[in-house]
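Everything below concerns the one structure shown next.
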Amino acid sequence: MFIVSLSYTAALEEIDVRLAEHVEWLEAGYAAGVFLASGRKVPRDGGVILARGERAALEARLADDPFARAGLARYEITEFIPTMTVDELTAVRERLPA
């Protein structure tokens, strides 16, 4: 599983111009089963996406984000193993490697 931290590299006015396209891109990620949660940072200087799958595929998906294509954000990916979750996220729990 991955935590993706987006940091805006442009003014919010530029972000807002591409926001509808970005939301469509997010919706496609949810439909593909890659994204589990997402939202704005507070203060609004970027966003966070909780994702699953293979890292290379995630990196390719992030490169296709309208924010990335327009050079409006940078992305930091942190991989982690979700060994404990709330009941609603049981399906994404993993065991530590032996």
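Sequence positions, counted from 1, serve as the residue numbers for this chain.
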According to a hydrophobic-cluster definition based on side-chain heavy atoms being under 4.5 Å apart (Ile, Leu, Val, Met, Phe, Trp, Tyr only), do [X] and [Y] belong together?
| X | Y | result |
| --- | --- | --- |
| Val34 | Leu89 | no |
| Ile3 | Val92 | yes |
| Val42 | Leu19 | no |

Please find the pair of heavy atoms, one from [X] and one from [Y], that lie closest to each other, and give the distance.
| X | Y | answer |
| --- | --- | --- |
| Ala63 | Arg69 | O-CG, 3.6 Å |
| Gly29 | Arg61 | CA-NH1, 3.6 Å |
| Tyr75 | Leu62 | CD2-CD2, 4.1 Å |
| Leu6 | Lys41 | O-NZ, 3.1 Å |
| Phe35 | Leu26 | CD1-O, 3.6 Å |

Do Thr85 and Arg93 have side-chain atoms, one donor and one acceptor, less than 3.5 Å apart?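 Yes, because at least one side-chain N or O of Thr85 sits under 3.5 Å from a partner of the opposite role on Arg93.
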
Taking the side chain as every heavy atom from C-beta outward, state whether [X] and [Y] have any pair of such atoms under 4.5 Å apart.
| X | Y | result |
| --- | --- | --- |
| Leu72 | Val17 | no |
| Tyr8 | Glu14 | no |
| Glu24 | Pro66 | no |
| Ile81 | Pro97 | yes |

Which label fits His22 and Phe67: parallel for a plane angle under 30°, tilted from 30 to 60°, or perpendicular past 60°? parallel

Can you tell me how far apart CZ (Arg44) and CG (Asp16) are? Round to the nearest 0.5 Å. 4.5 Å

Donor-acceptor list for residues 45-59 side chains, cut-off 3.5 Å, not counting sequence neighbours:
unit_1, atom_1, unit_2, atom_2, d
Arg52, NE, Gly33, O, 2.9
Arg55, NE, Glu59, OE2, 3.0

